[in-house]
Structure formats: C-alpha cells, structure tokens
Amino acid sequence: MSSIYVPPEGYRCCNSEYAVDGETSVWVGGDFLCAHTDSNDNQKQWWAVDLQNVYDINLIHIYGRTDCCPNNLVNLDVEVIMPTCTCNRWNNLDEGNIFHCHYQASNILRTTINCPPDTRGRFVRIKRRDTEPLYICEIEIYGNPINNLLLSGLSRTDTAYACGHIGYGYVGPVIATSVADSPIQCVRMCFTNTACSSAEYDKKTKVCLLQGECENGTQSHLVQENNKDVFFIQ
C-alpha cells in the first residue's frame, strides 16, 4: 500500500494483508480487518498485489466498508499491470504496461469489475484519483494463468531458469541476433551468453533476439504480439 493508517486505539487494523485474508467483514472481535491507507494531501492512495505469475484477468470483486464511509470505493481506478524488464521481481509499477479495467465514479460499498478481453498482467492496483484514504476489506481476483515456460537443466547456476511471456514481444536493448529452430534453442543461446538477460523468439521468422539488462532511462517494455514469445533469464 501507499501508506498504512495507525489507529489511536489498540486494536488490529489496517495492514495491506487484510485485503486478502478471506474475511469480507469489517469488524471481527473488535478488530478492524480491512486494509486502510492514511491520508496525505500530496499523495494519491493505492493498494497493489503481486499475483506471482502472469494472468489473463477477467473478473475482480472489491469489498469496501459497510459500517460507514460510503465514499470509500469512489473515485478510483482498477489497473492490471504487466511489468517490464523482469518477470519475478517487484518493479516500479508505473513503468509497466497498464490495462485499465475500471473507473468507479459513484459511491458504492461493493463493486464487481469485468476487465476487457486480453487484460494480462502480474500486478493489480487499486488507486484513488484524489488524496482521500482507501479502504479495502477484501479483494478477489479471477483469471487464468498464461503458460509460462520454465526451462530447467540449462542454467548458468543451479537456481537459474527462464520465465516466459507467451504471445509477447520485448522492446529493449538487443545484443545479438540469430536464427533458431525453436524457442528452446533460442533460450539456450541466451544461457550461454553471460551478457544476455532475455531472449525474444519470433515463431514465424525463427529469428532469435538476445537482449541485455534494462538500464535506467531506457524504454524497455513488453508488447502483445501473437507470433512472439519472450523468456527472461532468472
């Protein structure tokens, strides 16, 4: 979350985990089991979750406060974010490709959001457009995992592997270009090149692009291209 409200009383309250604890009630045994940001005149409040994989997101339920504060789910955006550069680290979310699922303009206690077709990403962010606090008592996200290819036995070290984005191309620094018979061969080339951090394979032309690390100031990002697959070396 962007911030955490600290109540003056000594009850459990407010941590980001309360939005995904399976409890839709607001108060349980005297504790406030909802994620609750603080208010800051200079900051728009948000809550985000790392789904640990890339998903095709189709439905999101958000439960707000029912005991008070009818404007707790008003004036907010719901975003699904495809990260740049790497597939298993928490990036600067504003550098990712953002799919806008929803803008909630009216007061509501609970909302169900249908994302547009082909909404894909690893992070989901709920963000207010104003500087008022954000309350989320529970969020449920529904979708299907995108087939990520894990290639073992090819690693530079015992723990390295390739994590794939199927149906995506990658705009980033290219260090080598070659022809490969398969995405497996393309990834093998990347593994054997110590400067390579990702491999983009074009399934039509069989062109394999070996790419280096993202650097500050670059415009590296993923783009949806059905004929291509990208594999990041971890």
Side-chain angles (χ1 to χ4, degrees), residues 1-83 86-96 98-115 119-146:
M1 289 196 302
S2 53
S3 63
I4 300 177
Y5 174 72
V6 179
E9 298 83 359
Y11 55 84
R12 293 168 58 200
C13 169
C14 308
N15 290 340
S16 60
E17 292 83 358
Y18 290 138
V20 288
D21 62 356
E23 180 60 68
T24 59
S25 300
V26 179
W27 293 91
V28 177
D31 294 321
F32 183 79
L33 300 187
C34 300
H36 181 353
T37 69
D38 208 345
S39 58
N40 187 324
D41 292 339
N42 299 315
Q43 185 178 30
K44 296 177 181 179
Q45 301 300 312
W46 55 265
W47 177 96
V49 62
D50 181 354
L51 301 176
Q52 300 293 312
N53 201 346
V54 177
Y55 286 83
D56 192 338
I57 306 296
N58 48 61
L59 188 67
I60 300 174
H61 295 306
I62 305 177
Y63 299 81
R65 295 189 67 164
T66 55
D67 60 333
C68 75
C69 315
N71 65 340
N72 73 130
L73 291 182
V74 69
N75 200 27
L76 57 84
D77 289 297
V78 178
E79 302 168 337
V80 175
I81 303 169
M82 176 71 77
T86 181
C87 61
N88 73 342
R89 301 186 185 116
W90 182 274
N91 290 348
N92 180 350
L93 297 185
D94 291 320
E95 293 179 354
I98 299 176
F99 296 83
H100 294 276
C101 280
H102 185 72
Y103 169 60
Q104 180 63 44
S106 58
N107 292 343
I108 196 166
L109 300 178
R110 173 185 172 182
T111 184
T112 296
I113 297 158
N114 292 287
C115 292
T119 296
R120 294 179 173 184
R122 172 166 175 167
F123 306 109
V124 175
R125 178 170 59 185
I126 315 301
K127 182 174 68 176
R128 291 197 66 126
R129 292 191 177 184
D130 53 32
T131 57
E132 294 298 314
L134 175 65
Y135 307 87
I136 300 178
C137 293
E138 191 68 16
I139 182 168
E140 299 170 352
I141 302 168
Y142 297 89
N144 299 305
I146 304 300

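All values below come from the heavy atoms of this structure, side chains included, with hydrogens, waters and symmetry mates left out.
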I'd like to check R122 versus Q52 (side-chain heavy atoms, cut-off strictly below 4.5 Å). Are they in contact? yes

Under 3.5 Å: donor-acceptor pair, side chain of R128, backbone of P133: yes

Stepwise side-chain contact (heavy atoms from CB on, under 4.5 Å) test for L76 and W47: CA-CA 11 Å; L76 57 84; W47 177 96; over 6 Å; no

Over all atoms of both residues, closest heavy-atom pair of L134 and I126: CD2-O, 3.6 Å

Could you walk me through whether I139 and V20 pass the side-chain contact (heavy atoms from CB on, under 4.5 Å) check? CA-CA 6 Å; I139 182 168; V20 288; 3.8 Å; yes

Donor-acceptor under 3.5 Å (S3 side chain, D38 main chain): yes

Okay, side chain of S16, backbone of M1: is any donor-acceptor separation there less than 3.5 Å? no

With a 4.5 Å heavy-atom cut-off, do N75 and E132 have their side chains touching? no

Please report the C-alpha distance between I60 and T111 in whole Å, then the side-chain angles of each, then the deciding distance to 0.1 Å, and finally whether the side-chain contact (heavy atoms from CB on, under 4.5 Å) criterion is met. CA-CA 8 Å; I60 300 174; T111 184; over 6 Å; no

How are the rings of Y5 and H36 set to each other: parallel, tilted or perpendicular (split at 30° and 60°)? parallel

Would a 4.5 Å heavy-atom cut-off, applied to side chains only, mark P7 and F32 as touching? no

With heavy-atom distances below 4.5 Å as the criterion, would you say the side chains of T131 and Q43 are in contact? no

How about C137 and C34: are their SG atoms under 2.5 Å apart? yes

Just verifying a value: how many Å separate L33 CG and N15 CG, rounded to the nearest 0.5 Å? 10.5 Å

Min side-chain heavy-atom separation I62-V78 under 4.5 Å: yes

Can you check whether E79 reaches F123 side chain to side chain, under 4.5 Å on heavy atoms? no

Using modelled atom types and a 3.5 Å cut-off, is there a donor and acceptor pairing between side-chain atoms of D21 and backbone atoms of E23? yes

Stepwise, does the side-chain contact (heavy atoms from CB on, under 4.5 Å) test hold for F99 with C115? CA-CA 9 Å; F99 296 83; C115 292; over 6 Å; no

Considering non-hydrogen atoms only, spot the tightest contact between L73 and Y135 and give its length. CD2-O, 3.6 Å

